[in-house]
Amino acid sequence: MISVKRRGAARLAAAVLASGLVAAGAIATAGPAAADDAPPGHSGVTATLGGLTTYDQAVIHDHGRDQKLGAGLFEMAVDGGGSLQTYCIDIHNPTQDQAKYQEVPWSQSSLHDNTDAGKIRWILQNSYPQVNDLAALAGKAGSGTLTEKTAAAGTQVAIWRFSDHADVDAADPAAEKLADYLQKSAQDLAEPTASLTLDPPAVSGKSGSRIGPVTVHTNAQSATVTPAADAPSGVSIVDKDGKAVAKDGKPLGTVSNGSQLFFDVPAGAEDGATSMTVQAATKVPVGRAFTGVGDHAKSQTQILAGSSESTVSAVAGASWAKQGAVPAVTAEKNCAKGGVDITVSNKGDEVFGFQLSGKDHEVAPGKSETVTVPVGEDQSYEITVKGAGGFSKTFSGVLDCKTAGSGGDSSPSPAPSAHPSPASAGGTGGDSAGDLAETGSSSATPMIAGVAVVLVVIGGAAVFFVRKKKTV
């Protein structure tokens, strides 16, 4: 058994309140001449946690304390259709009731600087539920008979040993042997690709031109593009050859991985802004991270173990003007530098001057600048970019770059609660429910004791798109 290690890992998620969409690390923006505020960007799949459904017991050892807790699979319902199965990768942090989750890259999760992240993906691909022949799995592990719940528990325990570097054992002997086998056999695999993202999520340019490109990255065979319902008349979405793929609020064709999209803004169009949504149906790749968003930013980080065909989507925005500076602003949390990266690009014909954190900056036409704004660990932030003529964009959220058990001092980690949630007491889990900790269910009862617990908060980003109308 490996010992507990106190190491920090970033659990970042861009999330958000504006227009009910979830941001995934970068936010679409409207320029100073925008006619309408563009919605925030988001990408991938969003889902609601249903609870811990297939599990058995585990025992965590921490500073002389032993505590039982439930270990196994969670289920999530995908917004728009589909279902997910996940394991926990943040053992000392509780879930929240019916928490909303967003698919994110490892860099925006507790796997941020975890050198064992690739081994977790190997475990997911080589154990239950991806391997559902339990007899064959038991044969490889030399564990003896495995049931769905003990296979799930053994898999979860092995994951915790890499995700949290926790000293944890499965209560069932067969599950413990499976955990040991997975831990010893795990190999380093690369991070899986996203189900769907748009890069960049915000572009700008001069009216009378094609503004972009915005590149589609997806594992789906095809995706549809839909322009915003209130897109200005005459503005369409075209591919690199100039063929319209969406116009007048309707999709006209499909796109695929690697497709480049442009906002085609006619000459003479009033200064303004709009957005597009790309949507597809696909299975989310095993090993993608999921973090809580919005009001559920404190809910423990999850990692994908299995997916049905699910609805995935991404949003990108554009702004334009006839003349002058035409900025696009995005924000992305940067755990490695302990702050938030604010990127300002300018596709206009004049210098864009702006203020950020009390300092003056300038971006020349055709250039961009990224500024990392320092933010304290577990601290909420509100970062505003102000430019000439009343330009203003504000980004807010919470920066969290450490798991709940990575404090670095000699004090014990928060202990799992001895009280079960209603869901933990039923379902397909093990018996002795009174010894189970809360690990994710339809109850808000925490897994971790509520006294003196430092809850790790997954970063959320509430994005407000404020712009001025520019008279011609």
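The structure presented is a predicted model; accordingly, all values stated were derived computationally and were not measured.
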query: Can you list the steps and then say if Thr384 with Thr394 is a side chain to side chain donor-acceptor pair (under 3.5 Å)?
result: CA-CA 4 Å; Thr384 300; Thr394 299; 2.9 Å; yes
Provide the closest heavy-atom pair for [X] versus [Y] in the form atom of the first, atom of the second, distance.
| X | Y | answer |
| --- | --- | --- |
| Pro129 | Gln85 | CG-OE1, 3.4 Å |
| Trp160 | Ala58 | CZ3-CB, 4.3 Å |
| Ser308 | Gly82 | OG-CA, 3.4 Å |
| Ser163 | Asn114 | O-ND2, 3.5 Å |
| Ser313 | Thr277 | CB-CG2, 4.3 Å |
| Val278 | Leu196 | O-CD2, 3.3 Å |

query: Around atom CD of Gln260, are there more than 12 heavy atoms of other residues, nucleotides or ligands at under 6.0 Å?
result: yes
query: Parallel, tilted or perpendicular: which fits the ring planes of His361 and Phe354, with parallel below 30° and perpendicular above 60°?
result: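 Parallel.
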Heavy-atom side-chain proximity of [X] to [Y] below 4.5 angstrom:
| X | Y | result |
| --- | --- | --- |
| Thr86 | Tyr101 | no |
| Ile303 | Leu111 | yes |
| Gln279 | Thr311 | yes |
| Val373 | Tyr381 | no |
| Phe262 | Val214 | no |
| Trp106 | Pro192 | yes |
| Lys347 | Ile211 | no |
| Thr48 | Asp79 | yes |

So, taking the atom named [atom1] in [X] and the one named [atom2] in [Y], what distance separates them when rounded to the nearest 0.5 Å?
| X | Y | atom1 | atom2 | answer |
| --- | --- | --- | --- | --- |
| Ile159 | Gln156 | CD1 | CD | 5.5 Å |
| Tyr55 | Leu73 | OH | CG | 12.5 Å |
| Ile91 | Asp62 | CD1 | CG | 9.0 Å |
| Gln96 | Leu49 | CD | CG | 10.0 Å |
| Leu261 | Met276 | CG | CE | 4.5 Å |
| Leu304 | Met76 | CG | CE | 8.5 Å |

field: Residues forming a side-chain contact (heavy atoms from CB on, under 4.5 Å) with Ser222, sequence neighbours excluded
entry: Thr254
task: Go through the structure and list residues passing side-chain contact (heavy atoms from CB on, under 4.5 Å) with Ala158, not counting sequence neighbours.
output: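 Residues passing side-chain contact (heavy atoms from CB on, under 4.5 Å) with Ala158: Ile123, Ala179, Leu182.
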query: Please walk me through it: do Thr54 and Lys149 pass side chain to side chain donor-acceptor pair (under 3.5 Å)?
result: CA-CA 5 Å; Thr54 306; Lys149 68 181 183 181; over 6 Å; no
Report yes or no: does [X] contribute a side-chain atom to a donor-acceptor pair with the main-chain N or O of [Y] at less than 3.5 Å?
| X | Y | value |
| --- | --- | --- |
| Ser204 | Val326 | yes |
| Ser307 | Val284 | yes |
| Asn346 | Val363 | yes |
| Gln102 | Thr291 | no |

message: As a quick check of understanding, evaluate side chain to side chain contact (heavy atoms under 4.5 Å, CB included) for Val216 and Asn257, giving each step before the final call.
response: CA-CA 6 Å; Val216 178; Asn257 183 50; 5.7 Å; no
query: Does NZ or CZ of Lys393 come closer than 6.0 Å to the centre of the six-membered ring of Phe395, within 45° of the ring's axis?
result: no
message: Applying side chain to side chain donor-acceptor pair (under 3.5 Å) as the test, list every pair that has at least one member in residues 184-198; sequence neighbours left out.
response: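 Residue pairs with at least one partner in residues 184-198: Glu103-Ser195.
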message: Apply side chain to side chain contact (heavy atoms under 4.5 Å, CB included) to residues Ile89 and Phe162 and explain how you reach the verdict.
response: CA-CA 9 Å; Ile89 52 172; Phe162 289 124; over 6 Å; no
field: side chain to side chain donor-acceptor pair (under 3.5 Å) between Thr282 and Asn219, worked out
entry: CA-CA 7 Å; Thr282 187; Asn219 69 335; 3.2 Å; yes
field: Residue from Asp169, Asp167, Asp116 passing salt bridge (charged side-chain N to carboxylate O under 4.0 Å, His left out) with Arg161
entry: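 Option passing the salt bridge (charged side-chain N to carboxylate O under 4.0 Å, His left out) with Arg161: Asp169.
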message: Walk me through whether Thr301 and Phe290 qualify under side chain to side chain contact (heavy atoms under 4.5 Å, CB included).
response: CA-CA 6 Å; Thr301 308; Phe290 281 79; over 6 Å; no
- request: Determine, step by step, whether Val59 and His61 satisfy the side chain to side chain contact (heavy atoms under 4.5 Å, CB included) criterion, reporting the C-alpha distance in whole Å, the side-chain angles of both residues, the deciding distance to 0.1 Å, and the verdict.
  value: CA-CA 7 Å; Val59 180; His61 314 285; 3.6 Å; yes
- prompt: Do you know which of Thr330, Thr372, Val371 makes side-chain contact (heavy atoms from CB on, under 4.5 Å) with Asp341?
  reply: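 Going through Thr330, Thr372, Val371 one by one, the side-chain contact (heavy atoms from CB on, under 4.5 Å) with Asp341 is satisfied by Thr372 alone.
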